[in-house]
Amino acid sequence: MSHFTDLAHQYIDGEWKPGSGSWDIIDFNPYTGEKLASITVATAGEVDRAYRAAERAQAEWAETNPYTRRLVFERALRIIEDREEEIAETIVAELGGTRLKAAFELHLAKEFLREAVQLALRPEGRILPSPVDGKENRVYRVPVGVVGVISPFNFPFLLSIKSVAPALALGNAVVLKPHQNTPVCGGTLVAKVFEEAGLPAGLLNVVVTDIAEIGDALLTHPVPKVISFTGSDKVGRHVATVCAQNFKHAVLELGGNSALIVLDDADVDYAVDAAVFSRFVHQGQVCMAANRILVDRTLEEEFTEKFVAKVKTLRVGDPADPATHIGPLINSQQAEAVSSLVDQTVAAGATALLHGTVDGNLVSPSVLTGFAADAPILGQEIFGPVALIVPFDGEAEAVRIANDTPYGLSGAVHTADVERGVRIAKRIHTGMIHINDGTVHDEPIVPFGGEKHSGIGRLNGDAMVDVFTTQKWISIQHGRSRFPF
């Protein structure tokens, strides 16, 4: 694990240095408990240095020909392809991702870098008509300047690159703060890839730190104009509030409580496969996970029997073993929280068709059903391997139950009649929903994001241009204006 210690530094203005805080963030392997690295936290002063470096470097970068800028992303892509095995092992070690999950994350990271190459050339100016004779109205698309990116622990490599690469491609500089549980995959590894790809110093800075050390310095600092945050709705609400107070634009990708709906004409075996993957991929630590599985009562018995049988075949254990389906949760607090939530729900009268056990940070799957309509578990996001099966009678009830949550991120509808599925999908208050598929999807050019407490704004494709550039009106008066005094 030597590369963990190599990357256990702050990366500010092109220099790798320890932070100057008074304590260390310890990076653990959540499966073995092995200490991978310790990183002295960055202080508010270092956050300021990072933002000032970004501000200095950005002016020249914005003037750089976009055809030149995009070469960096082509090289970054090649570096990831060349080191794919090493990066996959880093994902397995640092966040307990299975081999399958690491491959999925790397596949998407490469897709988003390919899109960043295109994004460099995407912004277009416009010339608009004017009611004033002789006036030419030009609208320029210009970079916002400096972007702050805060990434989560579940897909840290992908979700850092997903904001960092487009922001850079569009002519901005970035300060990235990864989650304390994934400082390497979500932070310093990304910096290393871009450094080797020839990104000029100062354009990407990584600060490994914690709110306990810096408070809101990352959000209140005068330099960044946009904050891209991925994480929980609780923290997202705080980020949005602080950004609004400081006249910054926040794009928020937050939690979910997605419903996968199985209508009475669905292919049950296929729906079971989609639901098992959508609930248990990466131990259920996915914002788009199928949190609730809604099944028409006419299929409830058949679906439940097949679903439980399939879940029983999932292998829980060492994420480095390619045969493992379910690795550890990110830390012991998460493992304990998920386990006690299951116990409380069963104590309140729900039926456990499978009752998971806890071994270190490994939590085996639970499948619960028979809830009271107002059971608290139905309204919240569960970041762990717990499936909730909820029967419904008819389409109207399915829609009502699916919408009965403060979240609206993803979803799925299974039916033999695609257009029936679309009609239902249109009635569900969610940013993204999939017919006859799982709930966990992300693609480079679709508008990705949620409704309600699942976030504000969209990422990917054209939405990246909207978020990471701003519009500037420059008018030219050909001839002379007449002024009334």
Side-chain angles (χ1 to χ4, degrees), residues 50-51 53-77 80 108-126 138-151 158-177 190-191 193-195 197-206 221 223-230 243 248-253 442-449 455-474:
Y51 273 134
E55 186 179 38
R56 282 194 306 275
Q58 190 267 333
E60 190 180 338
W61 182 241
E63 294 301 316
T64 303
N65 188 317
Y67 280 89
T68 305
R69 285 204 302 257
R70 65 186 208 157
L71 298 173
V72 170
F73 306 96
E74 291 178 2
R75 288 192 294 263
L77 182 60
I80 292 173
L108 277 176
K110 290 184 295 183
E111 288 292 347
F112 277 93
L113 275 171
R114 289 187 186 102
E115 173 62 9
V117 173
Q118 310 303 321
L119 269 174
L121 308 182
R122 190 78 57 84
E124 293 177 344
R126 292 188 298 161
R138 298 184 189 178
V139 181
Y140 289 83
R141 274 268 177 202
V142 296
V144 293
V146 176
V147 175
V149 176
I150 302 170
S151 65
L158 168 65
L159 294 179
S160 290
I161 283 176
K162 183 172 165 165
S163 283
V164 167
L168 291 170
L170 291 164
N172 303 287
V174 176
V175 174
L176 167 64
K177 188 199 97 61
V190 176
V193 168
F194 278 107
E195 182 183 56
L199 184 73
L203 288 173
L204 173 58
N205 305 276
V206 174
H221 196 282
V223 164
K225 299 296 178 281
V226 174
I227 302 290
S228 178
F229 171 82
T230 308
C243 284
K248 297 182 191 306
H249 182 69
V251 58
L252 307 171
E253 297 290 342
D442 193 359
E443 295 177 11
I445 63 170
V446 299
F448 181 100
I456 295 176
R458 295 290 182 268
L459 291 178
N460 304 2
D462 292 337
M464 296 298 200
V465 179
D466 293 337
V467 170
F468 297 128
T469 67
T470 188
Q471 297 184 77
K472 184 169 191 169
W473 173 31
I474 297 180

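All heavy atoms count here, side chains included; hydrogens, waters and symmetry mates do not. Predicted, not measured: the structure shown is a model, and the values here were computed from it.
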CG of L71 to CG of N65, rounded to nearest 0.5 Å, is 9.0 Å
Using 30° and 60° as the class limits, which term best fits the ring planes of Y51 and H221: parallel, tilted or perpendicular?
-> tilted
Of L168, V72, N172, the one forming a side-chain contact (heavy atoms from CB on, under 4.5 Å) with L203 is L168
Measure across A169 and R69 and return the closest heavy-atom pair with its distance rounded to 0.1 Å.
-> O-NE, 3.1 Å
One should read off an interatomic distance between K162 NZ and E111 CD, to the nearest 0.5 angstrom, of 12.5 Å
Find the distance between CD (E124) and OG1 (T469) and round it off to the nearest 0.5 Å.
-> 11.5 Å
Quick one: CG on L121 to CZ on R70, what's the gap to the nearest 0.5 Å?
-> 5.0 Å
Count the heavy atoms belonging to other residues, nucleotides or ligands that lie under 6.0 Å from CD of E74, then report whether that count exceeds 12.
-> yes
Could you tell me whether the side chain of K248 and the main chain of P224 form a donor-acceptor pair under 3.5 Å?
-> yes
Taking side chain to side chain donor-acceptor pair (under 3.5 Å) as the test, write out the residues that go with S163, two or more places apart.
-> S228
To the nearest 0.5 angstrom, please state how far the CD atom of E253 sits from the CD1 atom of I456.
-> 10.5 Å
Interatomic distance, CE@M464 vs CZ@R122, rounded to 0.5 Å, equals 10.0 Å
